[in-house]
**Student:** 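Below is one structure. I have some questions about it.
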Amino acid sequence: MKEFPPKYEPIEIEEKWRKFWEDNEIYKSSVNSEKEKYSVVIPPPNVTGMLHIGHILNNTIQDIYCRWKRMSGFEVCWVPGMDHAGIATQIKVEQELKKNEGKSKYDLGREEFVKLIWDWKDKYGGIILKQLRKLGVSVDWSRERFTLDKGLSKAVKEVFVDLYKKGYIYKGKRIINWDNITQTALSDDEISYTEKRDKLYYVKYPIVGTDEALIIATTRPETMLGDTAVAVNPADKRYEKYKNAKVILPLVNKEIPVLFDSYVDVTFGTGALKITPAHDINDFEVGQRHGLEALNILTKDGKINENGLEFQGMSVNEARKKILVKLKEEGYLVKEEDYIHNVAISERSGAVIEPFLSDQWFVSMKELSKPAIQVVKDGKVRFHPDKWTKTYYHWLDNVRDWCISRQLWWGHQIPIWYHKETGDIYCETTPPVDIENWNQDPDVLDTWFSSWLWPFSVFGWENSEKDKDNKDLNYYYPTDFLSTAPEIIFLWVARMIISGLEYRNDIPFKDVYFHSTVRDGKGRKMSKSLGNSPDPLVLMDRFGTDALRFTIVYLAPLGSDVLFDEKNTEIGRNFITKLWNAGRFLMMTRDKINSESGLGNSEPEYNFVEKWIDSRYNETIKDIEFYLNSYRLNDYTKSLYSFVWSDFCDWYIELTKVSIYQNKSAAKKTIERALGIYENVLRLLHPVIPFVTEEIWHLLDESREGKSVSFIDYPKLDASKIDEDSEKLFDLFKDLVTTSRNERAKYTAINEYEFDICIKPLNTTASYSVDNLKKSLHLLINNKGGIVIEKSTGDFKGTNGEFFAVKFNFKNEIPKMKNDEGKDKLVKELDSLKSYIAGLEKKLNNENFLAKAAQNVIDNENQKLKEAREKYEKISKML
RNA sequence: GGGCGGUUAGCUCAGUUGGUUAGAGCGCCACGUUGACAUCGUGGAGGCCAUUGGUUCGAGUCCAUUACCGCCCA
């Protein structure tokens, strides 16, 4: 017999099982025609990523479903992998290169630099997958994929070329964030905003053919060189008269129109704006709406270009000064005032971001996304919580074209070649044969352009023709479940649905779980810069991985954020300790019984306690099935928490002690029954706390060596065991015990005295059952004396519960009452009972209520009133 | 500016189609260690369910309004 250690040591035990699971590849999956499949693809974390608390939540959720389905007989396949994360990775390696060798990527050249990133990836990348191993995720590691590996790159090219040929991909203009120090385009993520003290300049734009002028407020007067209109709000009465008017652009001396656009903020400056489509994102959109020319006035290194009159060649700041001087000289500058505003700064170089118009590749989304709306409307793809469907529809109904080109080197280079002489475009999955005559487009594709294919590319998708023979794809696709963060519903989820429908003619997944955003104790988002994100690995070492998994799921209700403080991890740890100790008690007791002679093996009576725990156990299974099926994972953990702690440990185990210590003839069977339930509870908990349940499951029976609880059947509901009568009876019993404890709490030092417990049933049911309950009572209230049942109807001054009144008769001197609250409490209770009765009476005297409410409701209320009145009577007598 | 949520005990949250005197965990207070567990047990205090109005016999629950908070998109 294995020893059951007094303390659960998570670190070494987790390591043992982690190794066992991986070495034996027990979670490896292959096509199994005998079984129904359950497939999940992991949201691929960034190759540069480190595990944070949000990953713990998301991956635990997926693990719960995979383990649950596996135990329920499905062939489960959970595919792990990583995302090449274009920008993040390239920046990381650029920084290291700078730090270690003082070189920039240009010193190495594209090919060398990309090679360097691959080296970095092989050496340092994917730490996060090692960390995920620690979490105990039951993925099939043999299927690990990378968004930039050969197969996936092939899929990306295939899709790009196909969309290009179908006419969905086109080249267009777009404002990008330009960093003119590093000379690269930046994503919004690489920009921070800082408050800057600036001047707001008021410039006069004369109206053509009049003496009047529009006054325009701007912080960037130099961009006026690129103005192609001015705009006012159509609701702004001040400017109504300028419909169809034109103004003269100062310095440039060209006529530009006055536009009416609701984008203009009436309260800003004078309510009139200059529109510079090439150098401001909002102006660009106004320009698009009104068909304006976008006139670029800058070079890539941030100097004024040939469109800039005599200011050509100057830096932006220099040009601003010169232009201001000239505006002043010519009388256009009306005034200037101090102005504080947010300025976008490059996080990498500190440069002020220059919005810059450039050529980019786009995917036209309107047509492509139509079927994706329908499958959600039809309920083929279900969102949990459902509220996200609204967001989804709103976005897709107003979908914008997807800019897919990125000015980076790390990623899938766009499979477009331009002919050096003719400028012809070649777009194929393989380079042109006469490659020397062509230049490939230098840009790479947005990282999402590979991850949107993830649900089928990981199974080896090539193209619709070749897929017919792809057994994996045909078996595992569509996948069953996706768990992800709501922030990427558009970036990722919607696009996967679109690509799945386009390339597999089927949805990519059936159920999507949008998990909570994990915030710190103050409700702030976890972030590196705030330093408020606890390191999950530290927490795993301190509290145990299971404890962390349990806690985070326990705290994360479907559909709302979770505020996580590391102290919370105690919830999981304490629960696991409780579970461990219960097992330890049962096993120790069993060993003891087995070694002692004279302990009977007789069948204990299947009494109300047994019936009750069977009923509660089955109700718990019923709840769990419901909660797992409706994606309410915190309720799943909560119902097990309360079953284990309150029902099983606090009451059931305590009551088994009656047999074990008092009625020894049945001790053996009693403990076996308890162990039977306990073992099933381990299975119920295995999906959320796999390590400790595996360990205990093995401790219970050493012949299990080499097996895993992961493949033992998940307990099923036996509805015939749910028994309301025994639950009601047990409630009576609980009431008796708590009432007695209540009475007991009034005395100090009660253990020094011997007393009888006098019980008076307050109604017939209680009266009937009290003999049954008597046996168990000694133990639960630590009573040395006897138990006396009062049958008389006379006065009884004691503590009253719902079904019983209780008092103690002391055999020698009466101990001091701790306080005199007993009486006060009764008075207080009478008061509240009084108003309760008054409320019920009022309701039952209301003709409308009697006329309109359902009969069973009325009966119910009458019954309540009757009982309340009886109770009131009884308490009155006690005073 | 557009869209979507939230507001219930000191804190974090449950509360399933409207129908017991609104629950849990943590925290707090008191008591408690002779056969699992002080990472524990027992008992207790603590709430005009954000505001205002409406629907209804009946509203934490449905509708509207206001206030505050949050998220996404622009």
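Convention: sequence-line order gives letters A, B, ...; per-chain numbering from 1. Values in this document were obtained by computation on a predicted structure and should not be read as measured data.
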**Student:** Please name the nucleotide paired to B:G5 by Watson-Crick or G-U wobble geometry with both distances under 3.5 Å, or report none.
**Tutor:**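 When the pairing criteria are applied, B:C69 turns out to be the nucleotide that pairs with B:G5.
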
**Student:** If you restrict it to nitrogen or oxygen atoms, what contacts under 3.5 Å exist between nucleotides 56-60 of chain B and the protein, and what is each distance?
**Tutor:**
from, atom 1, to, atom 2, distance (Å)
B:C57, OP1, A:Lys852, NZ, 2.1
B:C57, O4', A:Asn848, O, 3.3
B:C57, O2', A:Asn846, ND2, 3.1

**Student:** Both distances under 3.5 Å, Watson-Crick or G-U wobble: report the partner of B:C31, or none.
**Tutor:**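 Matched B:C31 with B:G41 under the 3.5 Å cut-off.
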
**Student:** May I ask you to say what A:Glu861 touches in the nucleic acid, namely base, sugar-phosphate or nothing, with a heavy-atom cut-off under 4.0 Å?
**Tutor:**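 Nothing: the residue A:Glu861, judged by heavy atoms under 4.0 Å, touches no strand.
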
**Student:** Across all strands shown, which nucleotide pairs with B:A22 by Watson-Crick or G-U wobble geometry, both distances under 3.5 Å?
**Tutor:**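 Pair assignment: B:A22 / none.
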
**Student:** Does the side-chain hydrogen bond (donor to acceptor under 3.5 Å, both in side chains) test come out yes or no for A:Asp859 and A:Gln855, once each step is laid out?
**Tutor:** CA-CA 6 Å; A:Asp859 292 347; A:Gln855 192 54 43; 3.0 Å; yes

**Student:** Nearest whole Å is fine: how far is B:G25 C1' from A:Asp635 CG?
**Tutor:**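 Roughly 14 Å, once rounded to whole Å.
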
**Student:** Using the glycosidic torsion, which applies to B:G10: syn (within 90° of 0) or anti (everything else)?
**Tutor:**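 Base orientation relative to the sugar is anti.
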
**Student:** Taking atom P of B:G15 as reference, at what distance in whole Å does atom CG of A:Asp623 sit?
**Tutor:**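 It works out to 13 Å between those atoms.
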
**Student:** Choosing from B:A36, B:U16, B:C73, which nucleotide comes nearest the side chain of A:Phe490?
**Tutor:**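 Within the option list, the nearest is B:C73.
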
**Student:** Please write out each protein N/O paired with an N/O of nucleotides 40-42 of chain B under 3.5 Å, distance rounded to 0.1 Å.
**Tutor:**
from, atom 1, to, atom 2, distance (Å)
B:C40, OP1, A:Asn574, ND2, 3.1
B:C40, O3', A:Lys578, NZ, 3.4
B:G41, OP1, A:Lys578, NZ, 3.4
B:G41, OP1, A:Trp645, NE1, 2.4

**Student:** Rounded to whole angstrom, note down the C1' distance from B:G10 over to B:U17.
**Tutor:**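 After rounding to an integer number of Å, I get 34 Å for this pair.
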
**Student:** What's the closest nucleotide to the side chain of A:Phe626 if the choices are B:A36, B:G35, B:U16?
**Tutor:**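 Selected nucleotide: B:U16.
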
**Student:** Using salt bridge (Lys or Arg N to Asp or Glu O under 4.0 Å) as the criterion, list what pairs up with A:Asp541, not counting sequence neighbours.
**Tutor:**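 Expected list: A:Lys134.
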
**Student:** Out of B:G3, B:C4, B:A36, which has the shortest distance to the side chain of A:Lys387?
**Tutor:**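 Nearest nucleotide to the side chain: B:C4.
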
**Student:** A quick test of your reading: do over 12 heavy atoms of other residues, nucleotides or ligands sit less than 6.0 Å from CD of A:Gln863?
**Tutor:**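 More than 12 within 6.0 Å, yes.
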
**Student:** Look at all strands and tell whether A:Lys7 reaches a base, only sugar-phosphate, or nothing, counting heavy atoms closer than 4.0 Å.
**Tutor:**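 Result for A:Lys7 = base.
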
**Student:** Toward the 5' end of RNA chain B, which comes first, A:Glu570 or A:Ala582, by nearest nucleotide?
**Tutor:**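 Closer to the 5' end of RNA chain B: A:Glu570.
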
**Student:** Before accepting this row, confirm whether a basic side-chain N of the pair A:Glu847/A:Lys852 lies closer than 4.0 Å to the acidic partner's carboxylate O.
**Tutor:**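 Salt bridge: no.
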
**Student:** Sort out the partner of B:G46 for me: Watson-Crick or G-U wobble, both distances under 3.5 Å, none otherwise.
**Tutor:**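 Partner of B:G46: none found under 3.5 Å.
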
**Student:** When you check the phosphate oxygens OP1 and OP2 of B:G5, does a side-chain N or O of A:Lys390 lie under 4.0 Å from one of them?
**Tutor:**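 Yes, within the criterion.
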
**Student:** Can A:Lys864 be said to sit on top of A:Tyr836's aromatic six-ring, NZ or CZ under 6.0 Å from centre and within 45° of the ring axis?
**Tutor:**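 No cation-pi geometry.
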
**Student:** Is there a side-chain polar atom (N or O) of A:Arg584 under 4.0 Å from OP1 or OP2 of B:U39?
**Tutor:**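 No, no such contact exists.
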
**Student:** When the nearest nucleotide of RNA chain B is assigned to A:Lys567 and to A:Leu491 on a heavy-atom basis, which residue is associated with the more 5' position?
**Tutor:**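 Residue closer to the 5' terminus by nearest nucleotide: A:Lys567.
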
**Student:** Rounded to the nearest Å, what distance is computed from the CG atom of residue A:Asn856 to the C1' atom of nucleotide B:U20?
**Tutor:**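 Value for this atom pair: 13 Å.
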
**Student:** Nearest to the side chain of A:Val857, which nucleotide is it out of B:G19, B:A36, B:G27?
**Tutor:**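 Between B:G19, B:A36, B:G27, the one nearest the side chain of A:Val857 would be B:G19.
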
